[in-house]
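Contents: one structure, followed by commentary.
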There are 2 protein chains.
Amino acid sequence: MATISDVAKKANVSKATVSRVLNGVPVREENRQKVLSAIRALDYQPNAQARSLTLGRTDVVGVLVPDMDGPFYGAILEGCQQALWSHGLYMIVRSTHHVKGSEPNLVKLLWEKRVDGLIIFTPREIKEKPMQALVKDLVTNNFPLVVADGELDSLSISGVWIDNFEGAYKATRHLIDLNHPNIGILLGPEDSPESKLRLNGYKRALKDHHLPVNPNLVAIAGDYRSESAEKVLPQLVKAGATAIFACSDELAYGVMESCKKQGIKIPQDLSLIGYDDVPFARLLTPKLTTVAQPLTQLGQVAAGKIARMINGTEREITQITLPTKLVVRETSSVYHG
Amino acid sequence: MATISDVAKKANVSKATVSRVLNGVPVREENRQKVLSAIRALDYQPNAQARSLTLGRTDVVGVLVPDMDGPFYGAILEGCQQALWSHGLYMIVRSTHHVKGSEPNLVKLLWEKRVDGLIIFTPREIKEKPMQALVKDLVTNNFPLVVADGELDSLSISGVWIDNFEGAYKATRHLIDLNHPNIGILLGPEDSPESKLRLNGYKRALKDHHLPVNPNLVAIAGDYRSESAEKVLPQLVKAGATAIFACSDELAYGVMESCKKQGIKIPQDLSLIGYDDVPFARLLTPKLTTVAQPLTQLGQVAAGKIARMINGTEREITQITLPTKLVVRETSSVYHG
DNA sequence: CAAGTAACGGAAACCGGTTTCAGTAATCCC
DNA sequence: GGGATTACTGAAACCGGTTTCCGTTACTTG
């Protein structure tokens with residue numbers, strides 16, 4: 001493996017001149033050519049590590065995600081990677097694999113690897129002591145840090161989110177627009193951040209349209225599995241739901257299956273909206289109306305932000321919320337008294 | 001940010017001694033303690049770049065995938081990341097985004113980043129000139145390289161695959177065991193490597209059990225979308241198929257939908273097997289029998305291999321094929337004359 | 001107690017780049 | 001033709017670690 005000194009020797013110039021040629025600093029044309037041909041002859045590649053050492057940057061961004069095998073973070077990482085590369089940045093990825101207590105360790109490891117910046121997706125422990133301390137440290141050293149899809153509270157960190165409130169609001173309002181009098185919501189985990197926000201969006205939509213909030217129409221599945229939906233569906237049916245907003249496509253699917261068994265026709269007897277717009281949502285019969293989350297865009301925006309923080313274009317701390325998109329398909333229709 | 005010299009000064013020892021403490025080289029206990037407390041006091045983190053420079057390694061592995069947002073590579077990368085980390089290695093990921101001609105560039109970029117090794121998943125251009133030359137270069141320099149899910153032909157590279165032949169064979173034999181006389185196969189893209197292997201597996205299973213191969217029972221959807229399945233299903237029905245092995249779950253889903261419309265009952269009138277075992281396969285009604293690919297394991301095995309190549313434990317070039325798992329659910333049942 | 005040996009630790013070289021600084025050569029202008 | 005200005009270039013310092021090499025000290029041992 002040739003080094004810059006080899007090139008210099010072969011071209012009969014100093015290392016400095018080679019370096020200048022490499023970095024586009026003006027050099028006498030004759031020398032430039034000598035250097036370039038030496039580079040070609042030796043198949044020289046500059047050593048990125050040596051470069052990092054002097055320049056004090058690695059052109060690598062650390063990315064922490066809870067998992068990569070689920071339906072979400074693949075798309076997010078794809079967006080990240082694209083946007084980072086458009087700024088000449090590489091991406092080191094680590095997943096916590098949902099292991100409790102691993103977040104601070106992984107953040108520390110990435111940071112020790114001297115990444116130029118760090119994106120943390122969906123931190124679950126950002127409110128806990130060790131993570132708090134660590135994050136505060138990074139922020140005071142004004143190290144480029146972006147948190148995506150996390151609860152920041154009073155922390156002054158740059159953040160990006162997909163708007164859960166707005167997603168739920170849109171879904172609910174769509175059902176209101178279709179004249180539904182009794183709109184139920186089927187939540188996943190009881191007190192996850194997104195559940196709270198979606199519940200608020202749902203309630204707000206009802207209030208804004210002067211509809212009552214009926215506690216019996218608020219059901220909690222506890223998780224996002226279709227089986228859980230089947231368990232709590234009776235509650236909503238008993239409460240007279242004419243439409244249901246399920247907080248994941250899988251929950252919605254559970255509702256569809258359960259309804260099929262009980263002879264409830266969708267959308268004739270019951271309108272249904274899912275959340276996420278996973279690939280199979282458009283495959284179901286009837287095709288599922290759902291709220292699409294801009295996952296790839298989330299990754300892109302977070303990555304773009306960190307890139308600008310790294311190159312110094314963006315100095316203020318900002319927080320961005322991305323809108324969802326309601327994808328109307330076949331499971332939602334007008335309510336006829 | 002404190003450096004090793006700062007620590008040395010504070011502890012009243014030389015840089016060398018600090019380095020020794022850091023790397024576990026024996027040092028007088030008294031000095032060890034002085035160094036350790038200096039490290040703590042200054043919150044010292046060794047500079048990974050400087051370390052890489054002298055040591056000549058980065059502890060980073062480059063990983064190239066075609067995409068991350070599809071249903072496969074997320075799980076694969078998760079496996080990769082786990083296995084790499086268990087060897088203290090980090091992972092830089094790049095996706096080609098299926099862009100034609102990008103593979104050699106991306107490999108070169110990763111390699112210039114001085115990664116310690118490279119895993120290429122599903123290379124599509126490995127047989128083309130630029131990629132060939134590049135790969136040959138890497139191999140002759142015996143740079144740690146693992147290709148996963150790619151066609152190696154005569155290239156002597158370490159490789160890992162999921163056994164497409166065996167997966168198709170298993171699926172077909174399962175249907176044979178269920179007494180099906182007319183087993184059809186529904187292929188995706190006409191001449192993709194995996195299609196060829198699966199078709200071979202299918203044919204071999206039939207031959208091994210003394211059943212004829214009927215060309216009319218071999219249908220080509222052209223891609224893996226459910227709509228395509230619906231288009232070619234009539235061909236298989238007309239040819240008298242009593243069972244169909246579809247080469248993706250989405251194709252299988254298309255078959256299910258189409259059959260529903262035509263009043264063909266699954267599994268009573270027609271048995272069906274999918275491929276991939278995507279999450280919604282177990283949600284369908286009836287639940288889809290399918291061939292599960294060990295994606296996470298593929299990532300783990302490839303990563304384990306590269307890790308051993310890097311630390312010198314594994315010197316020979318080896319090729320590993322991973323078996324699939326037939327997941328029998330409800331869409332396949334015994335054929336009754 | 002002197003000589004030999006083992007255990008430590010510091011100075012300096014090195015990894016492969018970038019950048020400063022000063023010197024040289026070329027150009028300009030009168 | 002000579003002095004001032006400008007354009008390049010090379011030597012050397014530097015980034016922050018690791019490692020070699022050698023001198024010092026402490027410990028054995030006869």
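Each chain gets a letter, A, B and so on, in the order the sequences are listed, and its residues count up from 1.
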Rounded to the nearest 0.5 Å, what separation is found between the NZ atom of A/Lys305 and the CD1 atom of A/Ile320? 4.0 Å
Chain A contact limits on DNA chain D, taken 5' to 3' with a cut-off of 4.0 angstrom to heavy atoms: D/dC8 to D/dG16
Enter the distance from A/Leu118:CG to A/Arg94:CZ here, rounded to the nearest 0.5 Å. 12.0 Å
May I ask you to decide whether B/Arg124 forms a salt bridge with B/Glu103, counting only side-chain N to carboxylate O separations under 4.0 Å? no
How far does CD1 of A/Ile120 sit from CG of A/Asp149, to the nearest 0.5 angstrom? 12.5 Å
Do B/Ser19 side-chain atoms and B/Lys15 backbone N/O form a donor-acceptor pair below 3.5 Å? no
According to a strict under-4.0 Å criterion, is B/Arg28 in side-chain N/O contact with OP1 or OP2 of C/dG9? yes
Need one value for B/Val18: base, sugar-phosphate or nothing, where a base atom within 4.0 Å counts as base even if backbone is also close, heavy atoms only. nothing
Whichever of B/Asn31 and A/Pro46 has its nearest DNA chain C nucleotide further upstream toward 5': B/Asn31
Would you give the length of the straight line joining atom NZ of B/Lys10 to atom CG of B/Leu42, rounded to the nearest 0.5 angstrom? 5.0 Å
So A/Val13, base contact, sugar-phosphate only, or nothing? Heavy-atom distance under 4.0 Å. sugar-phosphate
To the nearest 0.5 Å, what is the distance between OG1 (B/Thr296) and CD (B/Glu78)? 7.0 Å
Heavy atoms of A/Gln45 and B/Arg114 approach each other most closely as O-NH2, 2.6 Å
If a protein heavy atom is under 4.0 Å from the base, mark B; if only from the sugar-phosphate, S; if neither, -; do that for nucleotides 19-27 of chain C going 5' to 3'. BB-------
